[in-house]
There are 2 protein chains.
Amino acid sequence: MITTRDIAERLQLSVSTVGRALADDDRISEQTKFRVRQAAAEMGYVANRAARMMRGASSDVVGLVIPDIRNSFYSTIAHELSKNMEAQGFQLILSETDDDRMVELRHLRELSASRVAGVIIVPTARPHSESVKLLKAVPHVQLLRKHSSLGSQWFGVNDFDALRQATAHLVEQGHPRIGYVGGPAELPTGAERLKGFRSALSGGNLSSEAGCIELGPPSSVEHGRQAVRRLLAGPSAPTAIALGSVQLTLGVLEELSRLDVKVPSELSVVGFGDEPGFSWWGPGLTTIGLPIQEMATGCGLWLMRRLTTKPDDDSAYASVSPGSLILRGSTAPPAQPRRPSRRKGS
Amino acid sequence: MITTRDIAERLQLSVSTVGRALADDDRISEQTKFRVRQAAAEMGYVANRAARMMRGASSDVVGLVIPDIRNSFYSTIAHELSKNMEAQGFQLILSETDDDRMVELRHLRELSASRVAGVIIVPTARPHSESVKLLKAVPHVQLLRKHSSLGSQWFGVNDFDALRQATAHLVEQGHPRIGYVGGPAELPTGAERLKGFRSALSGGNLSSEAGCIELGPPSSVEHGRQAVRRLLAGPSAPTAIALGSVQLTLGVLEELSRLDVKVPSELSVVGFGDEPGFSWWGPGLTTIGLPIQEMATGCGLWLMRRLTTKPDDDSAYASVSPGSLILRGSTAPPAQPRRPSRRKGS
DNA sequence: TTGAAAGCGCTAACAC
DNA sequence: GTGTTAGCGCTTTCAA
C-alpha cells in the first residue's frame with residue numbers, strides 16, 4: 001500500500017507537505033499541490049483511515065443492528081439509511097442478530113472495537129447488560145422497538161394504533177370471535193400490538209373471551225403457518241384474524257392458500273405491513289400500511305445531524321409514525337352461522 | 001475511551017504487560033492476567049481496532065457491493081453472508097450502487113480507505129477504470145454478474161440455462177409468439193438470459209420474429225409494469241411471456257392482476273426467482289427457482305478461506321449454480337385463435 | 001515474568 | 001511555503 005511517505009520520497013518533499021497538499025491546505029503552493037495530487041493518482045494512493053482515526057478523526061461508519069435483513073421492513077430500512085448515509089459520506093455496517101441477545105452482544109462488541117461513529121438498533125427483547133454498557137459509549141438510536149435501558153432516542157411506528165385499527169375494522173363488521181397472531185409480549189412492539197388488539201375488542205364491547213391469541217417468533221414465517229392452523233382447528237374457531245408482523249402474515253397467507261380457506265366468506269383477514277404480493281393474494285389483502293421508509297429516513301438524518309454537529313441536543317427524542325388501514329377484499333361481515341344462505345357467492 | 005495505558009496505570013504495570021495479558025501471552029502469570037482482565041472488564045475497555053490495524057492486523061471487514069438491498073436476491077445474499085461472516089468474526093459493510101458506476105466507485109473508494117479485507121461485488125454494467133484499479137489491490141469475488149476486467153473469481157447462476165428452460169417450456173406448449181421482459185444486454189446476466197431465451201426459440205424452430213423483446217432496468221418494478229403493457233398492446237401480442245429478473249416479475253404480476261388478464265388462458269407466464277407471493281399469484285406462478293442461498297454461502301466461505309489462509313490459490317475460480325423450473329398454474333398451451341371452443345373452461 | 005522503546009500512517013503544533 | 005517533530009493506541013522486538 002502506498003503511503004504519504006512514498007509520495008514524499010518520490011517528490012523529494014516532506015510527509016507533512018504531502019499531507020497538507022492532499023488536504024488542500026492554504027499554505028501549499030498550487031504547483032506543489034498539483035504535483036502531489038498527480039503523483040498520488042498515478043501511484044494509486046488511498047488514504048489510510050485507520051491512521052486518521054488514531055489522530056482523532058471520526059470513523060464515518062454507522063452500525064445497523066437488526067434482526068434479519070430478509071424481512072422487508074428491515075431491508076427497506078437498510079436501503080433508506082444506506083442511501084442517505086452514502087450521500088453524506090457515511091458507511092453502514094450490517095449486523096444481524098436473529099433476535100438473539102448474545103449475537104447482538106457480539107456484534108456490538110465488534111462495532112465498539114471498530115469505533116463506529118453511531119449505531120442504529122432494533123434491539124432484542126432483553127439486551128445483555130454489557131450491550132447496554134457498550135451502547136452508552138456511542139451515539140445511538142433505537143428503531144421500531146424501544147427498550148428503556150437503551151436510552152430515549154427512538155423512531156418507530158404506532159404499533160398500538162395499527163392493531164387497534166385493524167381489529168376495530170373487524171369488530172365493526174360484526175365478527176364475534178377474532179384471532180390474533182403476533183410477536184411475543186416481551187418485545188415492546190409485540191406488547192403494544194397486543195394491547196391495540198385487546199383495546200379494540202373491549203372498545204367493541206367484546207369480552208376478552210372473543211379473542212384467540214397466538215404469540216410466537218415475529219420473524220418466523222413457519223410460526224405463522226402453524227399458528228393459523230391451530231387457530232382454525234380450535235373448538236371455537238374465529239371468524240376473522242388480525243396479524244401482527246410481516247413475516248407472520250406471509251406464513252398465514254401461504255397456509256390459508258394451501259388449506260383453500262375461503263376468504264372473506266369463511267374467514268376475514270387483516271395483514272400487517274404492505275408487501276408486493278399482498279395486493280394480489282386471494283381477493284386482495286386488507287392490511288395495515290406502515291410508513292417504514294419515512295421513518296428510516298428520519299432516523300438516518302437525525303443520527304447524522306447528531307454526529308456532525310455538537311451534541312448539545314442529546315435530549316430525549318421520539319418519533320411515532322402512524323399506520324393506516326388499506327381496505328381490499330379480504331374482510332367482510334361474518335357468514336350467518338348455521339343458517340346457510342340460499343344464494344351461492346354474492 | 002479506555003486504553004491499555006489506562007489499565008496499566010491503574011494496575012501499576014507497563015502497557016506491554018497489559019497488552020500481553022489481554023492477548024493471553026504465555027509469558028504472563030495467571031495472576032497478572034486475571035488482574036488485567038478484571039480491570040479491563042470493570043473499566044469497560046474495548047480494544048481499538050484502528051490501532052491494531054496500524055500494526056498490520058487485517059481489518060476483518062468485508063465490503064458487500066450490490067445494486068439494491070430491497071431486491072430479495074440481494075437481501076438473501078446479504079443475510080447468508082452476514083451469518084457466515086459473523087461466525088468467523090468478520091463484519092459486513094453494505095454498499096448499494098443503484099447500478100450507478102459513479103456510486104459504485106465512491107463506495108469502492110471508501111472501502112479502500114477503510115482497508116477492508118475483501119470485497120464481494122455485483123458489478124455495474126461497465127465499472128469505472130478507477131474501480132477496476134481499486135479492486136486490484138484487494139481480494140474480491142464477483143457475484144451473479146461477471147465482468148472480465150474485475151478478475152476471474154466468480155460465483156453465479158446459470159442465467160443462460162435458466163431462460164432457456166423457461167422459454168423451452170413455453171415453446172413445448174406450442175406458443176407461437178413469446179415475449180421476453182428482461183434486463184439490458186449490457187449486463188452480463190442480461191445478455192446471458194437473453195441468449196438463453198433466443199436459444200430456446202431457435203431450438204423450437206421458431207424464428208426470432210416470434211420473440212417480442214422488452215429490455216430495461218432489471219431492478220425496476222415500474223419498468224416491468226410498463227413493458228408488459230406495451231407487449232400486450234402491440235399489433236401481434238405474444239401468447240406467453242418469459243421474465244428475466246425478480247423485480248421485473250413483480251411488476252409484471254402486479255400489472256397483469258390490475259389489467260385482469262386471464263392466466264394461463266389468455267397468456268402464459270414464467271417468472272424469474274421464487275418469491276413468497278409467487279405461489280399464490282393467480283393460478284400459481286410457474287417460475288425459475290435459483291439457489292441463491294447456496295451460492296451466497298459458497299461465495300462467503302470461499303472468500304473467508306482466501307482471507308484466512310495464505311493466498312497461494314489465487315487462481316481463477318468460477319461456480320455456476322443451476323436453476324430449476326418450478327411448474328405451477330400460470331402456463332398452458334395457447335388458446336386456438338379465431339376458433340373459439342364450444343366448452344367453457346376445462 | 002516484566003519493562004522500555006520503536007514504529008505503523010497520519011495530522012498538527014511549532015519551527016524557519 | 002515547507003520541514004521537523006511529537007503522538008494517537010497498539011504490538012513487538014530487545015533488554016533485564
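None of the values given here were measured: they were computed from a predicted structure. Just so it is clear: chains get the letters A, B, ... in the order the sequence lines come, proteins before strands, and each one is counted from 1.
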Taking NZ, NE, NH1 and NH2 as the nitrogens, is one of them in A:Glu9 or A:Arg5 under 4.0 Å from a carboxylate oxygen of the other?
yes
Roughly, in whole Å, what's the span from CD1 in B:Ile28 to C1' in D:dT12?
13 Å
Tell me if the side-chain of A:Arg49 makes a donor-acceptor pair with the base of C:dG9, cut-off 3.5 Å, by modelled atom types.
no
Assert: residue with more 5' nearest nucleotide on DNA chain C, out of A:Arg55 and B:Met54, is B:Met54
May I have the distance from A:Asp24 (atom CG) to D:dG1 (atom C1'), rounded to whole angstrom?
15 Å
With sugar-phosphate meaning primed atoms plus P, OP1 and OP2, does B:Ser16 contact a base, only sugar-phosphate, or nothing at under 4.0 Å between heavy atoms?
base
When the distance from CZ of A:Arg20 to P of D:dT5 is rounded to whole Å, what number comes out?
14 Å
Whole-Å distance, B:Asp25 CG to D:dC10 C1', equals 14 Å
Any donor-acceptor pair under 3.5 Å between the side chain of A:Arg52 and the base of C:dG9?
no
Aromatic ring proximity B:Trp302/B:Tyr317, centre distance under 6.0 Å
yes
Side-chain contact check for B:Asn48: nearest option of D:dC10, C:dT2, D:dT2 is D:dC10
A:Lys33 vs B:Arg5, nearer the 5' end of DNA chain D by closest nucleotide
A:Lys33
If you compare every side-chain N and O of A:Ser14 against the phosphate oxygens of D:dT4 (OP1, OP2), does one of them come in below 4.0 Å?
no
Given C:dG9, C:dT2, D:dG9, the nucleotide with the shortest approach to the side chain of B:Ser29:
C:dT2
One thing to verify: whether A:Asp68 and B:Lys83 come together as a salt bridge, which I'm taking to mean a side-chain N less than 4.0 angstrom from a carboxylate O.
no
Just by distance, do the side chain of A:Thr76 and the backbone of A:Ser72 share a donor-acceptor pair under 3.5 Å?
yes
Whole-Å distance between D:dA16 P and B:Arg27 CZ?
16 Å
Which of D:dC10, C:dG9, D:dT2 is nearest the side chain of B:Thr4? It is D:dC10
To the nearest Å, how far apart are A:Met53 CE and C:dG9 P?
17 Å
In whole angstroms, the gap separating C1' of C:dG3 from CD of B:Glu9 amounts to 15 Å
Euclidean distance, atom CZ of residue B:Arg115 to atom C1' of C:dC10 [Å, nearest integer]:
11 Å
Can A:Arg101 and A:Glu104 be counted as an ion pair, charged N to O under 4.0 angstrom?
no
